[in-house]
Every structure is written in structure tokens, then in C-alpha cells.
Amino acid sequence: MSTPEPKSNFIRQIIDADLESGRHDRVVTRFPPEPNGYLHIGHAKSICLNFGLARDYRGTCHLRMDDTNPETEDEEYIEAIKHDVAWLGFQWGDKLFHASDFFEEMYAFAEDLIRDGKAYVDHLTAEEIGAYRGTVREPARPSPYRDRSVDENLALFRAMRAGEFPDGHCVLRAKGDLASPNMKLRDPLLYRIRKASHPRTGDTWCIYPMYDYAHPLEDALEHVTHSICTLEFENNRDIYDWVLDNTRVPARPHQYEFARLNVGFTVLSKRKLLQLVNEKHVHGWDDPRMPTIAGMRRRGYTAEAIRSFCDLIGVAKANSFVDIGKLEFCLREDLNRRSPRVMAVLDPIEVELVGWPEGHVESIDAPSYPDDVGLPGTRVVPLGGRVYIDREDFALTPPKKWKRLSPGAAVRLRYGPVIRCDSVEQDATGRVTKLRCSYFQGDAAPRVDGAIHWVPAHAAVRAEVRLYDRLFAVEKPDADPAGRDWLTLLNPESCVVVKDAFVEPAVGDIAPGTHVQFERTGYFFSDPKDTRAGAPVFNRVVTLRDSWARMSAADAPVVEPPVAEAPAPLAAASAPKSTRKTRQQARAEARAADPALAARHAGYVALGLSADDADTLCDAAATADLFDATHALYPQPAAVSRWIVNDVLAAAGEGEVSALPLTAAALAALVRLVDAGTVSNLAGKEVLTELVSKGGDPEAIIERRGLRQVNDADTLQPIVAAVLEAHPDHVARYRAGNAGLLGFFTGAVVRQSGGKANPQQVKALLEAALKA
RNA sequence: UGGGGCGUGGUCCAAUGGCAGGACGCGGGACUUUGGAUCCUUGCGGUGUAGGUUCGAAUCCUACCGCCCCAGCCA
């Protein structure tokens with residue numbers, strides 16, 4: 001199975017544009033995990049994105065271990081990562097890289113940076129560096145070591161490499177921009193001393209590159225074209241570019257950021273996952289409750305389901321919180337097709353079939369798949385005089401709409417006879433211990449609504465069943481509204497072990513790592529590690545959708561959150577009122593301080609402009625000057641202001657309008673032509689686009705490009721007719737009452753006229769034609 | 001607070017000036033020896049707010065509001 005056609009997303013659009021423009025002629029992506037933990041579902045999103053792009057664009061995706069910090073990284077993780085990516089179904093071929101493969105090149109680039117006067121060795125301590133960095137509002141102070149000579153820096157850096165200094169003694173920093181509003185650019189660290197043994201390079205190095213320095217170089221050295229990472233690295237993109245712009249790298253990759261995955265009732269930070277493992281809150285990285293690939297695999301999730309989940313949720317830049325129900329949907333969709341059905345009883349009640357011939361066993365051939373799955377296969381279910389049914393399927397006093405067993409009521413044993421409950425045995429506490437039922441086969445059976453699952457008592461196989469549930473009791477454990485620590489929010493019932501469930505003999509010797517559906521209960525997976533012949537262990541992957549549970553839950557009172565601990569008070573309830581100055585306030589203050597500006601503003605208002613527009617025009621002197629000059633040439637204040645505010649300012653972007661090649665004379669002429677109807681508004685904007693990029697004379701541009709507005713019904717009529725003829729369905733729908741379609745037709749006609757048609761006239765023509 | 005980013009039904013994602021659409025969910029229905037399989041559904045529900053431009057705005061302009069990220073010798 002593969003996705004029909006990949007969903008559009010902003011990264012695909014960028015790639016399409018890059019391929020189109022010739023910026024790149026092939027696509028190279030990479031998945032760059034740091035081997036300091038196991039991969040989780042969030043990584044799966046990134047893996048599917050990067051490898052999926054390579055697959056769809058016939059490019060390549062590299063698997064790269066970002067091993068620049070030997071203190072936290074480990075060979076175990078490297079192997080686990082490779083296993084997980086391969087299991088997810090992606091191949092990297094010979095494109096397996098490690099950041100450490102490039103340590104020598106990175107070092108050489110660093111010496112180049114020093115020789116170019118763009119990096120220096122800093123002897124400030126870690127704390128001092130922090131203090132010198134300033135704050136978001138105040139610029140950094142230069143380190144006293146910032147202006148060392150090239151020779152001294154080179155000697156020092158070589159001494160660092162040679163191991164002449166202890167850890168933390170000094171670092172290599174780039175000479176960035178100390179006043180940059182982006183903190184990341186204030187002399188970022190490039191290298192630090194770490195006398196630690198590296199999983200791959202051993203003790204060859206005692207200096208290691210920082211992420212911000214290593215990552216762009218790795219990308220460039222591997223000729224990656226599109227370097228895709230998560231949103232929190234947006235601020236780092238400036239250094240990424242700085243490094244590439246200031247080193248002589250063989251390629252120029254670009255970084256793009258997308259929103260990382262968030263899901264409820266779990267945590268996805270490596271630090272927290274590691275803590276769960278280290279403090280034994282779970283049984284290792286592959287505990288089936290963990291959101292790790294290894295955990296999900298052991299639980300019974302399939303690679304196909306995880307991949308279709310990643311396709312389903314899409315890729316965008318908005319922070320989002322995905323409902324885990326979507327993963328479960330993908331899982332059920334996949335498991336439904338691949339899991340043979342079998343029956344299991346988790347909490348047995350013995351049922352005696354009254355009158356069943358002693359010792360008689362009937363062999364029932366039960367299909368392994370329902371009809372719609374369309375797979376062949378049966379298994380034999382032997383039926384004797386005693387069976388087990390699930391306690392859940394019997395009610396002493398049945399609620400309304402109960403379709404299962406209850407005293408005096410009848411139900412079908414799935415694939416078998418209908419039984420009617422004649423008597424109930426209970427112990428001293430009232431607990432039901434045994435049911436006696438009469439049974440009816442073939443045509444003698446009464447019509448019943450329900451069918452329940454069962455296991456033959458004489459042939460039942462004892463099994464251990466592990467009922468997994470969400471790891472945490474609350475949706476957002478690491479952002480608890482009540483302020484509770486995330487570790488106190490673990491779900492105490494995340495793993496309920498049923499030691500003596502009964503399963504059909506057909507799965508008594510099930511192979512480890514096999515999917516089955518326990519009918520009416522859920523999808524299960526024979527545990528790959530603990531299953532033994534004759535002693536199966538099943539993990540519940542996911543329950544079946546359950547409309548009865550939903551129905552009864554709707555009736556039941558709302559269940560309180562399971563963690564009853566007293567919530568911590570919300571600190572700082574009386575948060576300081578925002579003292580932030582808005583743009584409007586800033587301008588008002590500027591006017592208060594500058595009478596000339598205030599007079600200008602007042603003048604504009606007197607001209608009939610709105611206070612807002614006057615405010616905008618007065619934001620920069622150049623803007624106001626342009627308005628004045630244009631207005632002098634064409635005294636229509638509202639029109640001139642509209643064009644400046646809506647279009648000229650937008651074209652200028654962050655810059656001043658005076659930087660544009662547009663003159664007041666040209667603007668005045670353009671506005672006059674639009675007002676006169678010589679060109680349509682739309683075409684006028686086209687003219688303006690040319691004016692702000694190249695300058696020129698509006699009239700000449702209109703003539704050259706043939707933009708003069710067409711009002712002539714005889715010219716327009718054939719286009720109208722052609723458009724209507726080309727879209728008979730739309731015409732029918734319009735006539736059936738879908739008036740919104742008029743815009744669709746108008747757009748089509750205007751477009752076909754090359755933007756020259758007078759839209760009002762087109763509309764009138766269209767309406768007349770459609771009425772006919 | 002300086003800077004960077006993001007706001008489309010309950011959730012996730014499309015629509016790149018021209019019919020606001022898909023999926024999950026919820027509701028309704030069909031069928032049934034899985035109440036839970038399967039199928040149908042023209043059912044529910046949305047462009048953060050306020051102005052403006054335009055024949056036409058989710059999309060362009062202006063202002064406001066809200067959320068996320070950045071001051072590790074982590075990545």
C-alpha cells in the first residue's frame with residue numbers, strides 16, 4: 001500500500017520552485033538524529049518527511065548520526081536508530097554518515113575562519129560568557145579576548161586540539177554581531193574542549209564542534225539541498241547561513257523548519273524519556289507504553305500504520321497538538337486487514353451447556369477473517385459441554401438495550417449455538433461463579449440480537465494478556481494546568497496484566513510477534529520477547545472501536561480526573577500588566593514630540609483621510625513626502641492615499657518608499673489613469689508592480705503591455721460565451737441556485753481577457769447570459 | 001520586553017485574489033453470528049478581532065489580540 005498522491009505542503013512547494021528555477025536539479029535530504037536516546041513517534045514524522053521527499057522526488061535521503069557531543073552519546077543508540085529507521089521501511093543505502101566523519105574538515109574550516117579574522121579563542125568562563133551576552137533588550141559586551149591576533153588565535157586553537165588545556169578552559173567563538181537582536185548571533189561558540197571518549201573517534205579528538213557550527217557544514221559536505229528541522233531552530237538559521245557564507249564549502253544547502261509533533265497523554269522529550277527509563281518507571285526503552293519506535297514495535301504497532309499516520313497529520317508550521325485517536329485509526333485500519341480473528345476470554349465465567357452429550361466435541365470451522373477483508377483461512381474451534389465467556393458479557397440485572405446474556409435471556413455463541421441462561425450460581429459475596437444454559441442449534445435456535453465470544457473449557461489455553469493504556473493520566477503531563485510535576489501524573493493503570501486469560505487452542509502455540517484480533521475486544525500482538533510455546537503472552541495494541549462503551553459513557557456521570565492530588569496554586573496570578581508599547585502608541589508619542597509631524601497628521605485628517613491612514617502615512621517622512629508630492633500632481637487625497645497605503649508600502653516592505661524607483665509623477669499618472677477607467681484596478685496593480693521595481697511611465701507601460709481596459713461588450717461577449725460553454729456543470733449549479741459561482745465565472749473571463757476586462761461589465765454580461 | 005515564527009470546524013491539514021474542501025471526531029442510517037467488523041451520510045461544525053482595498057478577500061493593506069521559540073561550553 002502506498003499513498004495515492006502525496007499531500008501538498010509548504011516544503012514540497014519550495015522544492016517544486018527550486019527544481020523549476022534550477023536552483024537545484026535533484027533533492028537531497030537528511031535525517032540527523034543525535035544518538036543520545038531512542039527514536040520516538042515525533043522522529044517518525046521527521047523520518048517520513050525526509051525519506052518520503054527523497055522517495056517522491058527520486059532523490060536521496062541520508063541517515064546521519066549527529067554525534068558532536070561524546071558525553072551523552074552511545075553506540076547502543078546508534079544501533080537502535082538504524083534498526084528503527086529500517087523497520088519503519090526506509091533505506092539509506094550507502095548514505096550513512098556521522099558528523100564525526102567530517103571532524104577533520106570542520107577543523108580546517110575553523111582555522112580558515114581564524115585566518116580570516118572571523119573567529120577567536122575566548123578564555124572567559126561559561127558564566128562570564130553568559131553574563132557578557134546581554135539580554136534580549138541589551139546588546140552583548142565584547143569579550144576582552146575578542147581582538148587577539150590571528151597568530152595568537154591559531155596557536156591557541158592548535159593547543160586546544162593538542163590537548164594542552166583542560167575541559168572548559170577556553171572555547172572557539174565566531175565573531176558575530178554583538179548587538180544582534182537574535183541572541184544566537186552574539187559570537188556563537190564553535191568549539192569546546194571535551195576530554196571524553198567518542199563512540200566512533202575514540203580519543204582522537206578532545207575538541208568537539210557545536211551543533212550550530214557542525215550542522216551546516218555536514219549538510220554542505222554531504223551536498224544536502226534541503227535541510228529540514230523543527231521550528232525551535234528558526235532562530236539558528238541565521239548562524240546556519242553565516243557559517244556557510246563564511247566558509248569555502250562545496251555546496252549551499254538551505255534550512256527549512258516545520259512544526260514538531262505533539263500528542264497527548266505522553267511525553268516526547270528525550271530527557272524525560274531517558275528519565276522514565278533510568279528511574280525504572282517503565283521497563284526499558286522498548287516498554288510497550290513508551291512512545292518510542294522500539295516501544296510501539298514491541299506493543300504491536302505496525303510500520304505501515306505509523307507511516308500512514310505521518311501522512312495523515314501533514315506538515316506545516318503551526319504548532320499543533322495531534323489527537324492520538326488518529327494514530328489509533330491508522331492502526332485499526334491496518335490491523336483489520338492483517339489480523340486473523342480468534343477468541344479470548346479475559347475474565348472467565350464457566351458456562352455449562354445443559355444436556356450436552358458427555359464427552360462429545362463438535363469441531364467448528366471458523367473463518368479467520370470477516371468477509372469484507374476477503375482473506376481465506378479458517379481455524380478449528382472445538383465445542384464441548386462447558387465453555388468460558390467473559391464476565392462483561394453477563395449481567396444479573398441487564399440495563400436497557402442490553403444485547404448480551406442475562407438470566408432468562410438468549411444470545412449466540414459466536415460461530416456456535418444459541419444459549420439461554422437458565423440458572424446462575426453465586427458465591428457468598430454474590431459473585432457469579434457459574435451459569436447453566438440450554439442450547440439450541442440449527443433451525444431450532446431462536447432469533448437473537450447478540451453474539452458473544454467464548455473459549456471451550458476443555459481445550460482452553462491459559463495466556464498472559466497485558467492490557468496497555470496511556471502512560472499518563474492527563475493529556476499534557478509536561479504542561480499541567482494545575483502545575484503538578486509530570487512524574488506524579490503517570491497513569492497507575494497503564495499496564496494491567498491478566499495472568500490467566502483463556503484463548504482458543506488455535507493460538508496456543510502462536511509464534512512471537514504475531515498479530516491477532518481477539519473478537520469484540522481488540523487487536524493483540526504476541527509479545528516478541530516473552531511468548532513461549534504453549535504459554536503465549538499477548539500485548540493489547542489497541543481496542544476495537546466501541547459504540548456500546550460510548551453509549552454507556554454518555555449515560556454515566558462524568559469521571560473525574562484520576563489524579564486526585566491537590567493542585568498547586570497558580571503562582572503569579574497577579575501578573576504584571578503589559579507595559580508593551582504598541583505601534584499606534586509609538587506613533588502618537590512621536591507626533592506629540594514633533595509638532596511638524598503632528599501638523600502633517602492633522603492636515604491629512606483635514607483632507608478627509610481616516611486617522612488610521614494618516615497615521616500610516618506619517619510613519620516615515622519619506623512616505624508622507626511621497627503622498628504630498630503625488631497629491632500635488634493629482635489632488636485626490638483618498639485615491640492617492642489608498643494606493644500608497646495598500647500597494648506602495650507593501651512593495652517597499654521594510655525599506656523606505658524613497659528607495660523605490662517609483663516617482664510621484666508616475667504614481668499620480670497611474671492613479672489618474674485608474675480613476676479614469678483607462679486601466680482596470682487589477683491591471684493598475686500590475687503596472688505598479690513594474691513601477692516599483694523598474695520605474696517608468698505608466699502610460700507607456702500600459703501601451704507596451706496592452707493593458708488598456710476593455711469595456712466593449714462585443715469583445716467581451718464571445719469570451720463570456722466561451723467560458724460558460726467550457727463549464728456546463730457550473731452553469732447548471734449556478735442556475736440551481738449557487739450564486740457564489742458568479743465569482744468563479746468572472747474570474748475566468750477576466751483571466752482570459754488578460755486582466756483587461758472591466759469586471760463590472762463582465763459581471764453584468766454574465767448575469768444576463770446566465771439568465772437566458 | 002528586542003527579535004523570530006504561527007493563528008482555517010472539537011483535532012490535523014488543503015485552498016497562493018474567484019464554489020472554504022479533505023481526513024479524524026461527533027451525530028444519523030444500513031447491514032450483521034464481532035454492540036466493537038463493514039458500508040452509507042446531501043447531518044454537525046470553521047477563516048482570532050476591528051477596519052480598509054477590490055466586481056470579488058482565508059489570501060492584499062492597517063491596527064489590535066492570542067499562542068510558540070531564543071539569553072547551554074545541549075541538539
Side-chain angles (χ1 to χ4, degrees), chain A residues 7-9 13 32 34 36 66 68-69 71-72 126 129-130 133-138 140 167-168 171 180-184 186 189 191-194 210-212 215 231-238 257 259 270 312-323 325-326 329 336 341 370-373 401 403-404 412-416 418 448-453 517 519-522 543-549 551 578-580 582-584 610 612-613 615-616 642 645-647 649-650 681-682 685 730 733 738 740-748 750-751 758-763:
Chain A
K7 266 207 245 179
S8 161
N9 63 50
Q13 289 173 1
E34 182 191 12
N36 67 346
D66 215 356
T68 57
N69 184 357
E71 291 186 331
T72 56
I129 287 177
R133 188 141 33 216
T135 69
V136 291
R137 310 203 50 190
E138 303 148 33
D167 280 14
V171 293
S180 172
N182 181 353
M183 305 283 296
K184 300 273 183 199
R186 324 239 270 220
L189 273 63
Y191 271 92
R192 78 286 215 191
I193 300 170
R194 276 293 113 86
M210 301 288 291
Y211 167 85
D212 281 324
H215 209 86
L231 243 32
E232 66 270 26
F233 289 99
E234 267 173 330
N235 296 311
N236 303 54
R237 193 175 57 229
D238 285 341
E257 310 88 11
K270 280 212 202 154
L312 183 73
I313 59 176
V315 175
K317 295 196 74 161
N319 284 316
S320 58
F321 204 86
V322 177
D323 181 353
K326 288 187 175 59
F329 166 81
N336 174 45
R341 318 287 132 130
D371 289 341
D372 62 277
V373 173
K401 293 187 182 169
K403 284 162 68 173
R404 288 116 101 162
R412 181 177 295 278
L413 292 182
R414 175 94 164 136
Y415 309 116
V418 168
V448 291
D449 274 343
I452 63 173
H453 59 270
Q517 184 198 97
E519 294 203 53
R520 304 205 310 138
T521 305
T543 61
L544 259 22
R545 283 179 76 242
D546 188 346
S547 59
W548 170 255
M551 221 161 100
S578 172
T579 54
R580 182 153 126 249
T582 67
R583 228 168 143 159
Q584 277 174 333
S610 73
D612 265 3
D613 285 350
D615 195 46
T616 307
R642 264 200 317 263
V645 169
N646 281 320
D647 301 287
L649 244 23
N681 228 290
L682 201 62
K685 288 191 186 193
H730 290 73
R733 278 165 54 210
N738 191 342
L741 249 23
L742 192 58
F744 167 79
F745 293 125
T746 311
V750 169
R751 213 171 305 120
N758 177 338
Q760 276 116 320
Q761 174 143 21
V762 169
K763 223 168 197 174

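Chain identifiers are assigned alphabetically (A, B, ...) following the order of the sequence lines, protein sequences preceding nucleic acid strands; residue numbering begins at 1 within each chain.
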So which nucleotide from [options] ends up closest to the side chain of [X]?
X: A/L189; options: B/G35, B/C73, B/A75; answer: B/C73
X: A/P759; options: B/C55, B/C74, B/G18; answer: B/C55
X: A/K403; options: B/A37, B/A75, B/G35; answer: B/G35
X: A/N646; options: B/U34, B/G7, B/C61; answer: B/C61
X: A/Q517; options: B/A37, B/G35, B/U34; answer: B/U34
X: A/I129; options: B/C73, B/A75, B/C69; answer: B/C73
X: A/P370; options: B/U33, B/A37, B/A14; answer: B/A37
X: A/A451; options: B/U33, B/G56, B/U53; answer: B/U33
X: A/A316; options: B/C13, B/G35, B/C6; answer: B/C13
X: A/K326; options: B/U11, B/A37, B/C70; answer: B/U11

For [X] and [N], is the shortest distance between a side-chain N/O and OP1 or OP2 below 4.0 Å?
X: A/R194; N: B/G72; result: no
X: A/R545; N: B/A37; result: yes
X: A/R751; N: B/G17; result: no
X: A/S8; N: B/C13; result: no

Q) Which heavy atom of A/N336 sits nearest a heavy atom of A/V373, and at what distance? A)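 What the structure gives for the nearest pair is O-CG2, 3.6 Å.
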Using whole Å, what does the distance between atom [atom2] of nucleotide [N] and atom [atom1] of [X] come to?
X: A/D212; N: B/C70; atom1: CG; atom2: C1'; answer: 11 Å
X: A/R520; N: B/U32; atom1: CZ; atom2: C1'; answer: 13 Å
X: A/Q760; N: B/U54; atom1: CD; atom2: C1'; answer: 10 Å
X: A/Y415; N: B/U32; atom1: OH; atom2: C1'; answer: 13 Å
X: A/D238; N: B/G2; atom1: CG; atom2: C1'; answer: 14 Å
X: A/L413; N: B/G35; atom1: CG; atom2: P; answer: 13 Å
X: A/F321; N: B/C24; atom1: CZ; atom2: P; answer: 21 Å
X: A/L231; N: B/C70; atom1: CG; atom2: C1'; answer: 12 Å

Please work out if [X] contacts a base, only the sugar-phosphate, or nothing of the nucleic acid, heavy-atom cut-off 4.0 Å.
X: A/T746; value: base
X: A/G522; value: nothing
X: A/K763; value: base
X: A/R133; value: sugar-phosphate
X: A/A126; value: base
X: A/R186; value: nothing
X: A/G450; value: nothing
X: A/T68; value: sugar-phosphate
X: A/N336; value: sugar-phosphate
X: A/E519; value: base

Can you tell me, in whole Å, how much space there is between the [atom1] of [N] and that of [M]?
N: B/C13; M: B/A75; atom1: C1'; result: 28 Å
N: B/G22; M: B/C60; atom1: C1'; result: 26 Å
N: B/U47; M: B/A15; atom1: C1'; result: 11 Å
N: B/G51; M: B/U11; atom1: C1'; result: 31 Å
N: B/C65; M: B/C24; atom1: C1'; result: 30 Å
N: B/G2; M: B/A20; atom1: P; result: 40 Å
N: B/G45; M: B/G21; atom1: P; result: 14 Å

**Q.** Candidates A/H453, A/R520, A/Q517 - the one meeting side-chain contact (heavy atoms from CB on, under 4.5 Å) with A/R341
**A.**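 Filter result, single survivor: A/Q517.
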Q) With nearest nucleotides of RNA chain B determined for A/P181 and A/N36 from heavy-atom distances, which residue corresponds to the more 5′ nucleotide? A)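 Its nearest nucleotide lies further toward 5', so the answer is A/P181.
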Q: Tell me whether B/G72 sits syn or anti, counting syn as a glycosidic angle within 90° of 0.
A: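 B/G72: syn.
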Q) Where does the angle between the aromatic ring planes of A/F233 and A/Y211 fall among parallel (under 30°), tilted (30 to 60°) and perpendicular (over 60°)? A)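 A/F233 and A/Y211: tilted rings.
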Q: Find the runs of at least 3 consecutive base pairs, i with j, i+1 with j-1 and so on, that include RNA chain B, using Watson-Crick or G-U wobble geometry with both distances under 3.5 Å.
A: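 Stems for RNA chain B, defined as runs of 3 or more consecutive pairs: B:2-7 with B:65-70, B:10-13 with B:21-24, B:27-30 with B:38-41, B:48-52 with B:60-64.
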Scan nucleotides 19-22 of chain B against the protein and return all N/O pairs shorter than 3.5 Å with their distances rounded to 0.1 Å.
from, atom 1, to, atom 2, distance (Å)
B/C19, O2, A/R733, NH2, 2.0
B/C19, N3, A/R733, NH1, 3.3
B/C19, N3, A/R733, NH2, 2.7
B/C19, N4, A/H730, NE2, 2.7

